[in-house]
Number of protein chains: 2
Amino acid sequence: MQSKIFQLQSGITSKKLVVCAVSCEVTYQGKAETSLAKGDRLIIIKPDGTILIHQPEGNNPINYMKSGTEYTIKWEPPNVVLNAVHIKNSEKLNIIMDQIYFLNSSNLTDAEKIKLSGNEKDMSNMIYANPSIVEHGLIPVNREEQTKYGFIDVLCTDKNNYLVVIECKRFKADLAAVSQLRRYVEKIKTSKGITSVRGILVAPAITSNAMAMLKDWGFNFILIEPPKFKEHIKKTQTKIDEY
Amino acid sequence: MQSKIFQLQSGITSKKLVVCAVSCEVTYQGKAETSLAKGDRLIIIKPDGTILIHQPEGNNPINYMKSGTEYTIKWEPPNVVLNAVHIKNSEKLNIIMDQIYFLNSSNLTDAEKIKLSGNEKDMSNMIYANPSIVEHGLIPVNREEQTKYGFIDVLCTDKNNYLVVIECKRFKADLAAVSQLRRYVEKIKTSKGITSVRGILVAPAITSNAMAMLKDWGFNFILIEPPKFKEHIKKTQTKIDEY
DNA sequence: GGGGAGAGATGCCGC
DNA sequence: GCGGCATTTCTCCCC
């Protein structure tokens, strides 16, 4: 056990990526309080101080602390106790390990950043480039002009010269999306002192209640798929069929 | 390399928790599209099929797929290619590994669930039990009666017999919180056909714009700390000082 | 399964 | 740092 403690200690202090499978109890105090009774978990401590505790199932870590966490390890027979503290965030994590099944520390280097496409920005760019897919006769307002009004996805004028606020959602639009659109329309109305402002919600789908609220406020819903996104899904599906 | 492939393969098929540090490229197609050039990463595959790919820094996995993912491993010299498919979600992940630094598969068992306190439910319970901490003279509406109106945190009547909608936030309240309160107040007004409905936002803090919007709508802000939460932070801080 | 909302949300970009 | 908002958000609860 002591040799594992040394390995754990030196792995952390020498800023390696430390991975271990252990039997442990965990408590956390910080943004909330949590406790987790004894069980088998995977613990990951990264060179930047990030700690992740994973159970054998599920997507998310059951406990975690961010970059900048500092560590103290103690041998309190028959347990190894790992104390993790994030001073700036006033957070504290305590891990009591009664077994260490395996432990590895390695030097990993990775400077790459992920490239992502198919997000909401792509969608608003697509509409901005060709607003007629939303409604015939829409003309985009100059983007610098638009910036004055904050976080509106796309701002246009329609064929009757009404201002049109367009809010995009990548997936099903909900009540919060309608509220958001509503805030933008009201902001334009008050800041420009006009009432001739329309609101359009653009998404591949909308919840029934959101649709009702949209109608209440005289806004429109236009069904548009995110750019290329649907095609990728289809591609994926055909590839899956090939398996 | 081939022995590692076998180890990887058998670890996945025998539903062990597989952990490996590798040099790899990653592409993902599904809810979006991502690509990640060659670098060192930690890959975790759980017994339930969950896969997580972590870079040596940062809190979140750079790529991931959920429980139910299925795997195919191929040896395409000089690389090991891992294909992961989640049929139900129409997602696909491709990992091309040119080096496997270490690999471990272990049988972990953990039936424990985490216990958490200090969340928003605690806060609304506290207010429901003693609404006078929000405003003198408030009386809670029967919880079953309240349930008819949906997701309102706390519903009360005030000393003038006005209905009062209370929305709680654990941290700083923002525009979305005010929009939410607004939706609830409007819903009560229309569903009961009355106009004498007030709205109170309860939180330890509020953004300036949210406060402005709150005033516009005639709602009130009451500063209340989440239950016990602040004390825990203080406790933590004093403990940190002791180090 | 859909709808709604919280989360120890996290992360990004803007000012 | 705050503010506003998207996220391959995720997760939970309720209907």
Side-chain angles (χ1 to χ4, degrees), chain A residues 28-34 50 58-67 86 88-93 114 116-124 147 150-153 167-177 179-180 183-184 187 205-213 226 229 232-233 236, chain B residues 28-34 50 53 58-67 86 88-93 114 116-124 147 150-153 167-177 179-180 183-184 187 205-211 213 226 229 232-233 236:
Chain A
Y28 164 82
Q29 291 175 298
K31 298 175 191 170
E33 278 203 12
T34 71
T50 302
N59 213 43
N60 289 340
I62 192 70
N63 279 113
Y64 56 91
M65 287 200 313
K66 287 189 187 172
S67 169
H86 198 297
K88 193 167 157 293
N89 294 1
S90 297
E91 291 177 292
K92 188 177 153 97
L93 192 63
I114 198 163
L116 184 145
S117 65
N119 54 5
E120 194 178 282
K121 192 66 191 165
D122 288 347
M123 192 169 175
S124 64
T147 304
F151 302 92
I152 293 169
D153 289 336
E167 175 62 28
C168 306
K169 291 294 162 193
R170 290 181 59 213
F171 296 110
K172 191 175 279 197
D174 58 10
L175 290 175
S179 287
Q180 203 179 340
R183 284 206 304 272
Y184 295 153
K187 186 183 175 188
I206 185 167
T207 67
S208 51
N209 288 342
M211 183 60 107
M213 185 174 162
F229 175 62
H232 290 151
I233 291 287
T236 307
Chain B
Y28 163 81
Q29 290 175 298
K31 298 175 192 168
E33 277 202 14
T34 70
T50 302
I53 304 174
N59 213 47
N60 290 341
I62 191 71
N63 280 113
Y64 57 90
M65 287 200 315
K66 287 188 187 173
S67 170
H86 198 297
K88 191 167 157 294
N89 295 1
S90 295
E91 292 176 291
K92 188 175 153 85
L93 192 63
I114 198 164
L116 184 145
S117 64
N119 55 5
E120 194 179 282
K121 193 65 190 169
D122 288 348
M123 192 171 176
S124 63
T147 303
F151 302 93
I152 293 170
D153 289 336
E167 175 62 26
C168 306
K169 291 295 162 193
R170 290 181 58 215
F171 296 110
K172 191 175 278 198
D174 58 10
L175 291 175
S179 289
Q180 204 179 339
R183 284 205 306 273
Y184 295 153
K187 188 184 174 188
I206 185 167
T207 68
S208 53
N209 287 344
M211 183 58 108
M213 186 175 162
F229 176 62
H232 291 150
I233 291 287
T236 308

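Everything numeric here is computed off the predicted structure, so don't read it as measured data. For the numbers below, each heavy atom of this structure counts, side chains included, while hydrogens, waters and symmetry mates do not. To find a chain, count down the sequence lines: A is the first, B the second, and so on, and within it residues start at 1.
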Please state whether the phosphate of [N], meaning OP1 or OP2, lies under 4.0 angstrom from any side-chain nitrogen or oxygen of [X].
X         : N      : value
Tyr64(A)  : dA9(C) : no
Thr207(B) : dC2(D) : no
Asn89(B)  : dT8(D) : no
Lys172(B) : dG3(D) : yes

**Request:** Could you say whether the aromatic ring of Phe151(A) and the base of dG4(D) stack, counting only centre distances under 5.5 Å and plane angles under 30°?
**Result:** no
**Message:** Using the C1' atom as the point on both nucleotides, what is the distance between dT9(D) and dC5(D), in whole Å?
**Reply:**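 After rounding to an integer number of Å, I get 12 Å for this pair.
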Rounded to the nearest angstrom, tell me the gap between atom [atom1] in [X] and atom [atom2] in [N].
X         : N       : atom1 : atom2 : value
Glu167(B) : dA5(C)  : CD    : P     : 9 Å
Gln180(A) : dA5(C)  : CD    : P     : 14 Å
Asn63(A)  : dT10(C) : CG    : P     : 12 Å
Met123(B) : dA5(C)  : CE    : C1'   : 16 Å
Asn59(A)  : dT9(D)  : CG    : C1'   : 10 Å

Contact class for [X] (heavy atom, under 4.0 Å): base, sugar-phosphate, or nothing?
X         : value
Asn60(B)  : sugar-phosphate
Met65(B)  : nothing
Thr34(B)  : base
Lys121(A) : nothing

